[in-house]
Amino acid sequence: MRNIFLTVLVIVFSCSGSDVPEDLIGREKMAKVMMEIHLLEAKINNVPIDPHDSTEAVYEHYEKLLFKELEITQDQYERSFNYYVDHPNEFEKIYSAVVDSLMEREKRFK
């Protein structure tokens, strides 16, 4: 009986809100970060270099610069991204904002 109680206790505490990273990137900023990453990926994919040779290195370089500009770290981004993926309603709101921003940006450049 004691083992069942401990198991239930562990499950309850593991399902509580304690999985929120201390340095979680807010939804609005996360949407901006994700939009900038999509734009960076598009730029790199259009660079005329051998994709098997340098594309990943070029992307990683510019991603580091992007994170520095946005004042976040790679680890912080990954923790926040994983958190939002685990919370689909939040992730959907963020991704909807990303798509809206990209569509608005596309309209401006047409």
Side-chain angles (χ1 to χ4, degrees):
M1 184 70 160
R2 184 171 184 225
N3 288 337
I4 292 172
F5 176 75
L6 289 175
T7 303
V8 170
L9 193 60
V10 168
I11 291 171
V12 168
F13 281 111
S14 67
C15 293
S16 68
S18 64
D19 65 337
V20 178
E22 288 183 22
D23 59 351
L24 179 70
I25 299 169
R27 282 194 321 216
E28 191 174 306
K29 187 169 185 176
M30 188 67 173
K32 178 174 176 47
V33 172
M34 290 175 67
M35 182 189 77
E36 293 296 334
I37 287 175
H38 279 297
L39 292 171
L40 176 59
E41 289 171 345
K43 288 175 187 174
I44 298 300
N45 286 334
N46 288 319
V47 173
I49 57 178
D50 181 7
H52 299 91
D53 186 30
S54 304
T55 304
E56 189 172 329
V58 171
Y59 175 80
E60 288 175 4
H61 170 75
Y62 283 104
E63 184 183 54
K64 285 179 186 176
L65 292 176
L66 174 64
F67 288 151
K68 184 175 182 178
E69 177 184 323
L70 295 173
E71 299 178 339
I72 62 171
T73 66
Q74 174 79 31
D75 289 339
Q76 181 185 13
Y77 171 74
E78 289 175 5
R79 281 189 298 275
S80 296
F81 186 84
N82 290 335
Y83 170 82
Y84 287 120
V85 166
D86 288 341
H87 296 82
N89 291 335
E90 296 290 317
F91 190 77
E92 183 179 354
K93 292 173 187 174
I94 292 169
Y95 213 79
S96 179
V98 171
V99 170
D100 291 347
S101 296
L102 289 171
M103 290 176 67
E104 184 64 34
R105 187 179 177 106
E106 184 179 37
K107 285 180 189 176
R108 284 187 285 161
F109 289 109
K110 280 189 173 184

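Throughout, residue positions are numbered sequentially from 1 according to the sequence presented.
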Excluding sequence neighbours, so at least two apart, what forms side-chain contact (heavy atoms from CB on, under 4.5 Å) with A31? I94, A97, V98
Residue pairs involving residues 22-36 (criterion side chain to side chain donor-acceptor pair (under 3.5 Å); sequence neighbours excluded): D23-R79, R27-E90
Under the side-chain hydrogen bond (donor to acceptor under 3.5 Å, both in side chains) test, residues paired with H38 that sit two or more places apart: Y95
Where at least one partner belongs to residues 62-77, residue pairs that pass side chain to side chain donor-acceptor pair (under 3.5 Å), sequence neighbours excluded: Y59-E63, Q74-E78
If you round to the nearest 0.5 Å, how far is CG of L40 from CG of N45? 9.5 Å
L24 side chain reached by Y84 side chain, heavy atoms, under 4.5 Å: yes
Out of curiosity, M30 CE to I37 CD1, how far, rounded to the nearest 0.5 Å? 7.0 Å
Just to verify, what does H87 make a ring pair (Phe, Tyr, Trp, His ring centres under 6.0 Å) with, not counting sequence neighbours? Y83
Spacing of I25 atom CD1 and I72 atom CD1 [to the nearest 0.5 Å]: 4.0 Å
